[in-house]
Every structure is written in structure tokens, then in C-alpha cells.
J.: 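Dumping the structure here so I can ask a few things about it.
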2 protein chains.
Amino acid sequence: MAGDDTQAQERRSAETYGKLVTATVNAVFEHGYAGATMTVIAQTAGVTRGAIQHHFGDRRVDIIARVTEHILRERQEAYASFYGASPAEGETVDTRAAMKAAYRDPATWFLIEVWIASKSDPELRDRVNTTLREVNDRGDMDIATHLSRLSDADFRVLKYFFRSLTRGIALEYSRKPDTALFDAVVDMALDALEGLNGAVPKA
Amino acid sequence: MAGDDTQAQERRSAETYGKLVTATVNAVFEHGYAGATMTVIAQTAGVTRGAIQHHFGDRRVDIIARVTEHILRERQEAYASFYGASPAEGETVDTRAAMKAAYRDPATWFLIEVWIASKSDPELRDRVNTTLREVNDRGDMDIATHLSRLSDADFRVLKYFFRSLTRGIALEYSRKPDTALFDAVVDMALDALEGLNGAVPKA
DNA sequence: CCCTATACATACATTCATGAATGTATCTTA
DNA sequence: TAAGATACATTCATGAATGTATGTATAGGG
């Protein structure tokens, strides 16, 4: 019906925006950060560079930074509902499954590439940091609430252990896509942590 | 004395070669893989692109691949002497110190960048794989001999856990250079592993 | 029915890395 | 000491990505 099309333009715009976000992630996943040129991203999304310019801005760092922001916020929300959902019954949170899903996620790979690129790109670095600070502050609250009831281990250390391991596995997995192997690595690591202090729930 | 200079040219050549190797590592460490152009590498080494061409070949992938090979062999040797040295007294091997040193090493960073770049560069990938297969086969023998006497855990899983964690920490460290934090992460991880099966020697 | 903003497409100038060719100086050996 | 090999420098053409500017069609309000 045409009745639903009252906001046709707005919907079309949102659709293109979404296509560009996923195209950016996929382009970086496939071609690497340097290979994910504006033309490649546009082609992956099935639009032209003009669309990128319209939605994100003139420069390449604009779309990268804003897509990064998009992904980070998305994760933050998933994160919050994951750890914040049932605070009283933390034992049911499946950390293992989450980690196993994360290391294969193209979005994880995208963040790794951006992370690395931002190391030698001051502007990207600043823009990512701004988002990161905001998102991390909220995420820290969530995970802290959750983990503080589960472990005596230092919270920060535990957090960075998880992040490092997940990203490291993603790195290895990218060139050796052996799911069974890396799932086993996750299990071994979390098994070991359980023994430490009862720090991590079994599943 | 001039007597030592009979091989002057050879020595000069070796010196330039060495400068180019370290310059390549440093350039990638500072400017990232994409930013480490042949011009940048040459400037870092204090020579011209002609020198690169002479020592490594016309194309960029030539110097990257051969420097990678250089680093991998160097590590393989260190690795072999580290784990192969005193096979009867494995307990004295300081895995913690090795890991703490590795995550800050620019060469580790270089390998990470090459690892990632080779994901979407078939030629680089092939050339690295060739070296890797050879080096890994030997390295596996060494570490297997060492670890098989220390752990009931699956050897491959343990090996990839170490690699993943080290690289993951290197990744985090690259943007948050907090040595105390990541040393603590290493310690926590190895503490946890100790509890697993007596898998890893304390130090 | 017009008119302006939105949403996107197309065109172009600039910059820059690459690959390849060629030039030059120093060493080495006979 | 002449010849050629080695080590490195310089130059150049090409292609590709970027940033920017301009063009066009459609939507929705007045």
C-alpha cells in the first residue's frame, strides 16, 4: 500500500545508511583496512561514492570513524543486556558462547583493523577514543556489576585478559580458520580461570 | 688498519642489509603496514630505494616477505635455544618473562601487521606460509619436547593459547601502553594455567 | 502545481606509491 | 691498471585513491 510510504524518503535513506555500514565492515573484513577504499565500500553496498559523501562526509576517515562508532554502540547495548539482564542469576551467563561467537565475528575483525590503523592515524585515533571513552565507561559499569560478584581477581586485569584473548584468537583464526581448535582454546582458558578463584561461571 | 678491509664491500653490503631489516620493522611499527612505503623504509634506513631494490627486489612484497622471513628465523633460533637449552630442567624456563618481553617487541608488532596484511594479499600470504611451514615444523618439535613433559593439556591448544594471548596483548598494548597492567594479565593467565594441570612452570 | 530540500550520481584535479629502467661510483680480481 | 661486478642512486611513466565540486531526480510541503 502507498499509505506506508508517507516516509518513503526517510526509509530509503536509513536503508542506504544501513547498507553502507555493513558494506564497510564486510569490505574491511575482505580487503583489509587499506583495501577498503571508498570505491570498494560503495561498490560493496551497491551505491556510488556520492552516497557515502552524503551520509558520512567527504573524507574516508569520516565513514570509518562513524561506522566504528555504530559498531561500538551496538556492542555496548548487546553487552549491557548480556551482563545486565539477570543480575541475580549471573551463573546463567554463557561467557564461553559469547567469546566463541566474538572471535569469528566480522565486526570484531573490523574493530581490530580500525584499532591498528588508528595507532598511526592521529585523527582516527582521536575520534575512536572519544566514542570509546563514552562507551567503555558504561560498559565498565555493567561488567563490573557482574564480575565483582564472581571473582576476587582484579577486575581490570580480568577484563583486559578477555579482550586480549578474544582479539588474539580472532587474529589467529583469520588465517587458520579452525573453529574446533580455537573453541578449545577458549574452553581451556576459561577452565583455567575457573580454577583460579571461581572467577568465571562455567556456563 | 686496511688489512681488515679486504672484504670491505661485503661488510658494507651486510650493514646496509641489516639497516634495511630493522628500518622495515621500525617503519611498520611506527607508520603501520600501509604507511611503511618503500620510500619511508628507505628514509628510515638512511638509504635510497635503489638499495632496497638491490638487496630485496623490485617490488614491495619482496622486502616485506624477506624481512618477515628474517624475523621468523631469528625467533625460531631464539625459541629453539630457549626451549631446547636445558631439557632436563624445564622448570627454569621463564615463560612469563618471555611473554612479557614479546608483547612489547616491535618485531611482534611487525609480524602482526604482516599477518593481517597477508590475509588479503595472496602473494604475501603464500610467501609467508612457505617460511612459516618450515619454521613452525621445527619450532613445534622444540616446544612439544618441552611442554609434553609439563602438561596433560592438549599441546596444540596450549600452543595457540599462548600465541593468541601474546598477540592479543600486543594489540591492546599498542594503544594502551600500560606495562604494569598487561604484565599482570600475563601473570594472571599463567597463574590460572598452573592450576589447570601443573601445565606451566612457575618461572 | 511549483519549489526547495533531500538523496544520491557523476566528473575532475591532485597527490602519491609503485614498478621499472637507467645511471654512477666503488670494489675486486686478474 | 683495466675490466667487470657489485652496491647503490636517480629518474620516469603509470595507475589508483582521495578530496571536492557539480549535476540530477525524487519527495513532500505550501
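Only a predicted model underlies this, so the values are computations on that prediction, with no experimental measurement involved. Within every chain, numbering begins at 1; the chains are lettered A, B, ... in the order of the sequence lines, protein sequences first and strands thereafter.
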J.: Output the rounded distance in Å from CZ (A/R11) to C1' (C/dT6).
T.: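 One finds 17 Å between C1' of C/dT6 and CZ of A/R11, rounded.
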
J.: Which parts of residues 38-67 of chain B get close to DNA chain C, meaning a heavy atom less than 4.0 angstrom away?
T.: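 Going residue by residue through residues 38-67 of chain B, the ones with a heavy atom under 4.0 Å of DNA chain C turn out to be B/M38, B/R49, B/Q53, B/D58, B/R59, B/R60.
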
J.: May I have all residue pairs that pass side-chain hydrogen bond (donor to acceptor under 3.5 Å, both in side chains) and include part of residues 20-33 of chain A, sequence neighbours excluded?
T.: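 Qualifying pairs: none.
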
J.: Using the criterion of both pairing distances under 3.5 Å for Watson-Crick and G-U wobble pairs, give all stems of 3 or more consecutive pairs involving DNA chain C.
T.: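 The stems that DNA chain C takes part in, listed by first number, are C:1-30 with D:1-30.
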
J.: Mind listing the side-chain donor-acceptor pairs of residues 34-49 of chain B below 3.5 Å, one per line with the distance, residues two or more places apart or on another chain?
T.:
from  : atom 1 : to    : atom 2 : distance (Å)
B/T37 : OG1    : B/T39 : N      : 3.0
B/T44 : OG1    : B/V40 : O      : 2.7
B/T48 : OG1    : B/G50 : N      : 3.3

J.: With side chains defined as the heavy atoms from C-beta onward, is the minimum distance between A/Q76 and A/E134 less than 4.5 Å?
T.: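 No. Closest side-chain heavy atoms not under 4.5 Å.
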
J.: Taking atom C1' of C/dT28 as reference, at what distance in whole Å does atom CD of B/E10 sit?
T.: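 Nearest whole value for this atom pair: 12 Å.
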
J.: Whether the side chain of B/T131 engages the backbone of B/E69 through a donor-acceptor N/O pair (distance < 3.5 Å, no angle test) should be reported.
T.: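 Here the side-chain-to-backbone pair does not exist.
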
J.: List the residues meeting ring pair (Phe, Tyr, Trp, His ring centres under 6.0 Å) with B/Y160, not counting sequence neighbours, and say none if there are none.
T.: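 By the ring pair (Phe, Tyr, Trp, His ring centres under 6.0 Å) rule, B/Y160 matches A/F182.
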
J.: Using salt bridge (charged side-chain N to carboxylate O under 4.0 Å, His left out) as the criterion, list what pairs up with A/D58, not counting sequence neighbours.
T.: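 A/D58: no salt bridge (charged side-chain N to carboxylate O under 4.0 Å, His left out) contacts found.
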
J.: Restricting to pairs with a member in residues 112-127 of chain A, which pass side-chain hydrogen bond (donor to acceptor under 3.5 Å, both in side chains), not counting sequence neighbours?
T.: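 Listed by first then second residue: A/R59-A/E123, A/D62-A/R127, A/W109-A/E113, A/S118-B/R175.
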
J.: Which residues in residues 20-37 of chain A have a heavy atom closer than 4.0 Å to any atom of DNA chain C?
T.: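 None, since no heavy atom is under 4.0 Å.
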
J.: Heavy atom of residues 110-125 of chain A under 4.0 Å from DNA chain C: which residues?
T.: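 Nothing qualifies; none.
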
J.: Among all residues two or more places apart in sequence or in another chain, which pass the side chain to side chain contact (heavy atoms under 4.5 Å, CB included) test with A/A107?
T.: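 Only A/I71, A/R75, A/D105 meet the side chain to side chain contact (heavy atoms under 4.5 Å, CB included) criterion with A/A107.
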
J.: Please report the closest heavy-atom contact between B/F110 and B/V67, naming both atoms and the distance.
T.: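 Scanning both residues, the minimum pair turns out to be CZ-CG1, 3.6 Å.
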
J.: What closest approach, in Å, do A/V186 and A/R96 show between heavy atoms, and which atom pair accounts for it?
T.: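 Answer, listing the atom of A/V186 first, then A/R96: CG1-O, 4.2 Å.
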
J.: Please tabulate, for side-chain N and O atoms in residues 165-174 of chain B, each donor-acceptor pair with protein atoms closer than 3.5 Å (sequence neighbours left out).
T.:
from   : atom 1 : to     : atom 2 : distance (Å)
B/T166 : OG1    : B/F162 : O      : 2.7
B/R167 : NH1    : A/E172 : OE2    : 3.1
B/E172 : OE1    : A/R163 : NH2    : 3.3
B/E172 : OE2    : A/R167 : NH1    : 3.1
B/S174 : OG     : B/L171 : O      : 2.6

J.: Looking at residues at least two apart in the chain, or sitting in another chain, which of them share a side chain to side chain contact (heavy atoms under 4.5 Å, CB included) with B/H55?
T.: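 Checked B/H55 against side chain to side chain contact (heavy atoms under 4.5 Å, CB included); matches are B/S13, B/T16, B/Y17, B/L20.
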
J.: Less than 4.5 Å apart, side chain to side chain, heavy atoms only: is that true for B/L132 and B/T68?
T.: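 No. Closest side-chain heavy atoms not under 4.5 Å.
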
